[in-house]
There are 2 protein chains.
Amino acid sequence: MTAADTLRSRGLRLTRPRRIILDVVRSTDTHPTAASVYRRVRRKLPRVSLATVHRNLRQLATQGLLVERSAADGMRFDGNTGVHDHFTCVACGRIYDVPARPRSAVRRRMASSTAFEVFDYRMEFYGRCGACRRRRTRSPLTRHQRRTYGRQEP
Amino acid sequence: MTAADTLRSRGLRLTRPRRIILDVVRSTDTHPTAASVYRRVRRKLPRVSLATVHRNLRQLATQGLLVERSAADGMRFDGNTGVHDHFTCVACGRIYDVPARPRSAVRRRMASSTAFEVFDYRMEFYGRCGACRRRRTRSPLTRHQRRTYGRQEP
DNA sequence: TGGTTATTGGTAATCATTATCAATTAGACT
DNA sequence: AGTCTAATTGATAATGATTACCAATAACCA
């Protein structure tokens with residue numbers, strides 16, 4: 001089932017702005033913000049409105065065609081709808097996809113030891129990526145990165 | 001080392017608003033937003049400014065006296081600075097603390113299989129809490145909860 | 001106690017997101 | 001291909017959370 005069919009089957013339309021917005025998010029692995037998507041979409045559709053980008057990102061996420069996740073500096077969007085985890089480099093701020101580890105064991109353990117029924121869970125890793133390790137980057141965390149990472153380690 | 005000493009040793013002052021803000025966050029386990037902290041602080045200090053609450057939450061988090069975490073509806077603050085994970089109930093929206101599972105194994109595994117150096121990681125669980133399971137609540141997810149949880153399951 | 005200066009309250013500014021609405025256009029049906 | 005209808009758009013205003021600014025205040029130290 002193609003994206004167009006998914007939309008049409010729910011009474012939604014595949015307009016030019018919508019198609020381009022979906023393409024942009026799907027063709028990147030950088031987990032862009034709405035503003036970043038807007039900038040890229042404008043390269044193909046200069047008259048597009050920022051509101052249209054917001055509206056569509058929201059709608060496409062609701063339809064399950066992309067994933068919306070909250071990060072420290074606002075919402076970010078992910079065209080990869082498969083199960084995977086994320087690694088955030090606190091030196092350069094980039095967010096990398098990492099393969100998910102098996103989920104069933106964690107779910108079972110949670111279910112047996114608490115009153116919680118776990119539908120799903122997320123893992124977010126924080127550290128330094130290969131490039132930054134080689135570069136020995138030791139720049140102080142930005143406010144954004146501090147927020148993402150929670151607090152500065154002593 | 002008390003909070004007052006921590007602050008003073010860094011040239012910061014323990015003012016009345018600051019002390020009350022820290023008390024409020026430390027004496028709750030509901031991971032309040034800035035607005036919620038503001039409401040509670042005003043009960044003890046009616047003339048406090050919302051800006052003061054924001055400023056202090058930020059400052060106290062930078063000093064490591066509390067933890068700032070980004071959630072779907074904005075920043076939330078946690079007086080529990082120890083290592084622990086979170087469970088979000090998608091029915092009622094409450095965020096519960098859950099004990100952390102051992103970290104070292106995950107870190108080692110990540111280090112050996114990728115170029116990433118992992119300083120820390122977070123787990124966020126999503127599901128239904130005991131109260132909501134008993135209540136058989138089956139309310140549709142709010143926009144906020146949808147965002148938190150990522151996307152609606154089919 | 002006095003002096004320095006971090007901090008406050010009040011308010012304006014900023015930033016991301018959402019709401020509103022007349023004009024447009026995708027998609028279904030002739 | 002043309003028509004109709006409602007989803008969608010672009011433009012812009014409104015909202016909500018957070019931050020910046022600044023004169024007045026109050027912690028802390030000598």
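Below, chain A is the first sequence line, B the second, and so on; all start at residue 1. For clarity, every value in this text was computed on a predicted model and none was experimentally measured.
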What residues form a side chain to side chain contact (heavy atoms under 4.5 Å, CB included) with B/Ala35, not counting sequence neighbours? B/Thr33, B/Arg39
What is the distance, to the nearest angstrom, from the CG atom on B/Asn56 to the C1' atom on C/dG9? 12 Å
Could you state the CD1-P distance from B/Ile20 to C/dG9, rounded to the nearest angstrom? 10 Å
Pairs touching residues 59-80 of chain B that satisfy ring-ring contact (aromatic ring centres under 6.0 Å, His included), sequence neighbours left out: none
Any ring-ring contact (aromatic ring centres under 6.0 Å, His included) pairs touching residues 33-64 of chain B, not counting sequence neighbours? none
To the nearest 0.5 Å, how far apart are CG in B/Leu57 and OG1 in B/Thr62? 10.5 Å
All salt bridge (Lys or Arg N to Asp or Glu O under 4.0 Å) counterparts of B/Arg16, not counting sequence neighbours: none
Give, for atom CE of A/Met1 and atom CG of A/Leu7, the distance between the pair rounded to the nearest 0.5 Å. 9.0 Å
Give each protein N/O atom lying under 3.5 Å from an N/O atom of nucleotides 24-27 of chain D, with the pair distance.
residue : atom : partner : partner atom : Å
D/dA27  : N3   : B/Arg13 : NH1          : 3.0

Against the side chain of B/Met75, the closest entry in D/dT9, D/dT18, C/dT7 is D/dT18
Which residues in residues 21-30 of chain B have a heavy atom closer than 4.0 Å to any atom of DNA chain D? none
Answer with base, sugar-phosphate or nothing: what part of the nucleic acid does A/Ala35 contact at a heavy-atom distance below 4.0 Å? nothing
A/Glu68 CD to C/dA16 P, straight-line distance once rounded to whole Å: 16 Å
Once you build an axis from the first five pairs and another from the last five of the helix from C/dT1-D/dA30 to C/dT30-D/dA1, how far apart in angle are they, to 10 degrees? 50°
To the nearest Å, give me how far apart CZ (A/Arg58) and P (D/dT9) are. 12 Å
Any chance the side chains of B/His31 and B/Asp97 put a donor and an acceptor closer than 3.5 Å? yes
Separation of C/dT17 atom P from A/Phe77 atom CZ, nearest Å, is 7 Å
I want to verify a distance call: between D/dA7, C/dG9, C/dT17, whose nearest atom is closest to the A/His54 side chain? C/dT17
Going by the rule side chain to side chain contact (heavy atoms under 4.5 Å, CB included), which residues pair with A/Thr114 if we only count those two or more places apart in sequence or in a different chain? A/Met110, A/Phe116
Are the side chains of A/Val98 and A/Met123 in contact, using a 4.5 Å heavy-atom criterion? no
Does one hydrophobic cluster hold both B/Val118 and A/Tyr121, with members joined at side-chain heavy-atom distances below 4.5 Å? yes
Does anything in residues 44-52 of chain B come within less than 4.0 Å of DNA chain C? Heavy atoms only, and list the residues if so. B/Arg47, B/Val48, B/Ser49, B/Ala51, B/Thr52
With sequence neighbours left out, the residues meeting side chain to side chain contact (heavy atoms under 4.5 Å, CB included) with B/Arg13 are B/Thr15
Gap separating the CG atom of A/Leu66 from the CG atom of A/Asn56, nearest 0.5 angstrom: 9.5 Å
Atom-pair distance (OH on B/Tyr38; P on D/dG16), nearest Å: 15 Å
Contact list for residues 5-26 of chain A, test ring-ring contact (aromatic ring centres under 6.0 Å, His included), sequence neighbours left out: none
Go through the structure and list residues passing side chain to side chain contact (heavy atoms under 4.5 Å, CB included) with B/Glu124, not counting sequence neighbours. A/Arg122, B/Arg69, B/His86, B/Arg122, B/Tyr126
